[in-house]
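See structure below.
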Protein chains: 2
Amino acid sequence: MANIQQVAQKAGVSVATVSRVLNNNTTVSPETRLRVENAIKDLNYEPSMLGRNLRNSESRLLLVLIPSISNPFYSEIINGIQNTAIANNYNILLCETDSNPERENIYFNMVKNKLADGIISMDPAVNMQKLYELAENHPIILCSEYDEGGSLPYVTIDSELAAYHAVKHLIKLGHKNIALINSDEKFLYARQRRAGYEKALKEFDIPVHKEWIYNTIHVDFQDGVQAMRKLFQSNERPSAVFAVSDTLAIGALKEINVRGLKVPEDMAIVGFDKINFSNMTNPTLTTVAQPMYEMGCVAAGMLMNSIKGIRVDSIILDHELIIRESTMG
Amino acid sequence: MANIQQVAQKAGVSVATVSRVLNNNTTVSPETRLRVENAIKDLNYEPSMLGRNLRNSESRLLLVLIPSISNPFYSEIINGIQNTAIANNYNILLCETDSNPERENIYFNMVKNKLADGIISMDPAVNMQKLYELAENHPIILCSEYDEGGSLPYVTIDSELAAYHAVKHLIKLGHKNIALINSDEKFLYARQRRAGYEKALKEFDIPVHKEWIYNTIHVDFQDGVQAMRKLFQSNERPSAVFAVSDTLAIGALKEINVRGLKVPEDMAIVGFDKINFSNMTNPTLTTVAQPMYEMGCVAAGMLMNSIKGIRVDSIILDHELIIRESTMG
DNA sequence: ATTAAAATTGTAATCGATTACAATACTATA
DNA sequence: TATAGTATTGTAATCGATTACAATTTTAAT
C-alpha cells in the first residue's frame, strides 16, 4: 500500500502538494495537479483515514444507540441517519445496547476514545446521568426518545397528540369501550400516550376504566398476546384496543384471532409506529406513522451541526394516522 | 482532553511507561504503575484510538455488508457478528447496500482507506469481480451467500438439503401438489433450493409441475402475495406451498386468507429463515431455521482470524425444520 | 528593467499513540 | 567488592496524513 510520501516522490513534489490535490482546496497549478493525479493512479494510492483522522482529530463516525437491531421500528430511522451521514462523508456505528448498562458503557467509551464524534441515542432505557456527563464534552442528540425538561437536544413527535388522534379515530367510529395496551410507564412516551388516550376519552365524556388499561413489561409480541388475554378477562369486554406499538398490536391481534373473533367487527385495533409488518397482517393494521426516515435525517443533521460547533434546537415532527383494515373492515 | 504526554508528565515518567501501563504487557514496577494509574484518573485520561490505530495500522472495525437493514433475516446474524466482534475488541460498521453498486463502492473504498480491517458480505447481489479484487489485499468472508467454486471463504447452510427437508415434510403429510415460490434464480441459493424441491418430489415419484413454480423479482411481502395470486390461477390448485423465504410465505399466507381459505386445511405453507415474525402470524409459520446467531459468530471469528493472517476454511452449518401451525394445524 | 503582488510549492511541526533499542538501576553470585 | 544478569525506564523513530509559515516563482504594473 502506497502512502502519501511515495506519491510525492513519484510525482516529484512535496507531500504538502499531494495533500492539496487530495483535498483540492488551495491552488495547485494544473500541470502539477496532473502529475500528482497520475502518480496516484500509477501507485494505486488510497489515502489512509487513519492518518487523516488523527491529524484532524475526528473519526467521522456517528455512534447510533438502539436497544435492539431486530426491532423493525428503528430500521427506517437508521436509514435516514445513514443516508444523511454518508452524504456528508460520515458513517455510522450502529450499536445495540440490549438495554444492558455494561454494553452501554462500552459504547460510551468509544466516544471518549474518539472512535466516534458524537451520539444519536434512541434507547429509552439509556442512563441519562451518564449521557449528561458525556454531553459535557461530546455532541449528543436524542431521537424519538427524549428527556422532558432536560437540556439535550432531540427530534421526536408529539406522542400525546398522536395517541389522542388514534383514540379519537376509534371514538368517531362509535367505540366507547376502548382499552389501552401501554408499555411500562417509566418511559416518557408511555406516559404521554396514556395522557393522549385519556384526553380523548374525557373530551367525549367517556369514563376511564382502570380495568382496560394494561401495562406491559417489554414491548414484544408476547406482551401483546398477554395483554389481550388479560383484557378478555375483564368484566365487560372492550370493543376496541389502542396499543402503543405495532408489535403489541400484532400480539393482541393474534390473541383475538385465536379466540375466533373478527377484527374489526368484534374488536378494532390501532397500533403505533407503522412498522413494515403492520401492512402484512390480516387484517392490515391501522397505526400511527412517525416520520421515521425524516426523523433519522434530521437527527443526523443536528448531530453533524453540533459536531461543527453549531448550536442546535430540538424539533418536533408531525405524525400521521394510517387508517387500514383493523378499524375500517 | 488529556493525552499520553500529559499523563507521563504528571506521573513523572516517560510516555513509553504510560503506554506500557495502558497495555499492561511489559514489566512495570508496581509503584510506577500506581503513579501512572493515579495520573490517568486525575486527568480523566482516555487513550485516543486515533493515535493507536494509526500506529498499529488497523481500525479494529469490521465492515458488514447487507442488502437492507429492515430485512429481519439479518438481525440475528448481525447480533452474532457484533457480540463476537466486541468480545475481541473489534466493532462493526453495518452498511446497507440496497443492492446499489454506487453504495457498494463507497463501502469498498472504506476498506481501501483503512477505515475497516475486513469485510463480511451478506449481499447476494454483491459485485463478485470487485470483491475478488478487494480480496487480494483485504480479508473477506461471505456469510449466508457464497460463490460456488470461488476462492472466498464462506459460512452458510446446505440450502439444497434444507429445501429437500422442507418439501419432504409436506410430502409426508400427504401433499402431492406442492408449489414452489422461489426468488430470482440468478441467486445461487435460489437454484439450490429449487434443486432440493425437485429432488424431494422425484424421490417420491411426484412429477414437477412448471405451473407450480413461481419466481419472484424481489423477496418482499408483496412478491409473496403476487406469487400466490398466480398460483391460484393455475388449472389445478396446489395443496401446499414451499416459499424460499418467510417474507414470501407471509405474503402468500395473506393472499390465502384474503380468499377465505384456511391454512393449513386448504393450503399448507412452509417458509424459510425463521424470522421473528414467522412466530407471530396466524397461523404460525412452519419454516426452516438457519443458525443465524451462530453463523454471525462464526463469520466474525473467521474474519478476525483472517485479519490476523490465519488461513480460514469455509464452514457449512446445520439447519433445522421448525414445524408449526401452517402445516400441522 | 525593477519591483510589488499573487500564485505556487516546499519545509517542518503536529496529531497521539507504540515499540525497538539504549540506558540505567537493582540483585545475586563469586 | 566486582560483575554478570535481570528488571525497569527512557529516548526517539514511526505510523500517514494536514497545514502554518517560509520560500520561491510567476505575473503584472510602472
Side-chain angles (χ1 to χ4, degrees), chain A residues 1-37 39-40 43-61 89 109-117 137 307, chain B residues 1-40 43-61 89 109-117 137:
Chain A
M1 282 291 143
N3 62 18
I4 200 172
Q5 303 277 355
Q6 292 160 16
V7 174
Q9 187 161 21
K10 176 117 189 170
V13 298
S14 73
V15 291
T17 300
V18 178
S19 178
R20 286 184 191 112
V21 171
L22 251 31
N23 300 287
N24 52 272
N25 45 5
T26 6
T27 44
V28 176
S29 78
E31 309 87 62
T32 312
R33 157 160 278 125
L34 201 69
R35 281 218 314 286
V36 172
E37 280 166 351
I40 288 176
L43 294 173
N44 220 335
Y45 167 73
E46 298 280 348
S48 159
M49 292 306 149
L50 299 177
R52 176 176 293 174
N53 288 348
L54 171 58
R55 174 61 222 219
N56 292 345
S57 263
E58 61 174 13
S59 65
R60 295 201 84 79
L61 252 26
N89 251 299
N109 277 331
M110 291 172 60
V111 180
K112 291 187 190 159
N113 293 334
K114 308 219 179 211
L115 240 175
D117 295 341
N137 293 303
I307 289 171
Chain B
M1 283 291 143
N3 61 18
I4 200 172
Q5 302 278 356
Q6 292 160 17
V7 173
Q9 186 161 21
K10 176 114 188 172
V13 299
S14 73
V15 292
T17 301
V18 178
S19 178
R20 287 185 190 111
V21 171
L22 251 31
N23 299 288
N24 53 270
N25 45 5
T26 6
T27 44
V28 177
S29 78
E31 310 87 60
T32 312
R33 159 161 276 124
L34 202 67
R35 281 219 313 287
V36 172
E37 280 166 351
N38 284 334
I40 288 176
L43 294 173
N44 219 335
Y45 167 75
E46 298 280 347
S48 159
M49 293 305 150
L50 299 176
R52 175 177 295 174
N53 288 349
L54 171 59
R55 173 62 221 220
N56 291 345
S57 262
E58 61 173 13
S59 63
R60 295 202 86 78
L61 251 28
N89 250 300
N109 276 331
M110 291 172 61
V111 181
K112 291 187 190 160
N113 293 333
K114 308 216 179 212
L115 240 176
D117 295 341
N137 293 303

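Below, all heavy atoms of this structure are taken into account, side chains as well, without hydrogens, waters or symmetry copies.
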Base-pair map of DNA chain D as dot-bracket, where | denotes pairing with a different strand and pairs are Watson-Crick or G-U under 3.5 Å: ||||||||||||||||||||||||||||||
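- Distance, B/Y45 OH to C/dG16 P: 9 Å, rounded to whole Å.
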Under 4.0 Å protein heavy-atom contacts per nucleotide of nucleotides 19-28 of chain D, with B for base, S for backbone only and - for none: BB--------
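- Closest-nucleotide positions on DNA chain D for B/G51 and B/T27 were compared, and the one nearer the 5' end corresponds to B/T27.
- A/N53 places its CG atom 15 Å from the C1' atom of C/dT14, with the value rounded to the nearest Å.
- One atom, CD1 of A/I4, and another, P of C/dT11, lie 14 Å apart when rounded to the nearest Å.
- Residue B/R52 places at least one side-chain N or O closer than 4.0 Å to OP1 or OP2 of C/dT18.
- Taking all atoms of both residues into account, the shortest heavy-atom contact from B/V15 to B/I4 is O-CD1, 3.8 Å.
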Pair A/V13-A/V18, side chain to side chain contact (heavy atoms under 4.5 Å, CB included): steps then yes or no: CA-CA 7 Å; A/V13 298; A/V18 178; 3.9 Å; yes
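- Per the geometry, CD belonging to A/Q9 stands 15 Å off C1' belonging to C/dG10, to the nearest Å.
- Considering only side-chain atoms of B/L54, the nucleotide from C/dT8, D/dG16, C/dT9 that sits closest is D/dG16.
- Taking only side-chain nitrogens and oxygens, B/S48 never comes nearer than 4.0 Å to OP1 or OP2 of C/dC15.
- Here B/E58 pairs with B/R60 under the salt bridge (charged side-chain N to carboxylate O under 4.0 Å, His left out) rule; sequence neighbours left out.
- Side-chain contact, B/N53 with B/S59: no donor N or O sits under 3.5 Å from an acceptor N or O.
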Chi angles and distances behind the side chain to side chain contact (heavy atoms under 4.5 Å, CB included) call for A/L61, B/L61: CA-CA 11 Å; A/L61 252 26; B/L61 251 28; 3.8 Å; yes
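- Per the geometry, CD belonging to B/E58 stands 12 Å off C1' belonging to D/dC15, to the nearest Å.
- Residue-level contact check: B/L50 touches neither bases nor backbone, having no heavy atom under 4.0 Å from any strand.
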Trace of the side chain to side chain contact (heavy atoms under 4.5 Å, CB included) decision for B/Y45 with B/V36: CA-CA 11 Å; B/Y45 167 75; B/V36 172; over 6 Å; no
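- Rounded to a whole Å, the CD1 atom of A/I40 is 13 Å from the C1' atom of D/dA17.
- Computed from coordinates, the A/Q5 CD to D/dA13 P distance equals 15 Å when rounded to whole Å.
- Counting non-hydrogen atoms under 4.0 angstrom, A/V13 reaches the backbone sugars and phosphates but no base.
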Stepwise side chain to side chain contact (heavy atoms under 4.5 Å, CB included) test for A/N23 and A/R52: CA-CA 11 Å; A/N23 300 287; A/R52 176 176 293 174; 4.0 Å; yes
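- Nearest heavy-atom pair, A/N24 versus A/R33, reported as atom, atom and distance to 0.1 Å: CB-NH2, 3.2 Å.
- Heavy-atom neighbours of B/Q9 CD from other residues, nucleotides or ligands within 6.0 Å: at or below the threshold of 12.
- In this structure, A/E46 places its CD atom 10 Å from P of D/dA17, rounding to the nearest Å.
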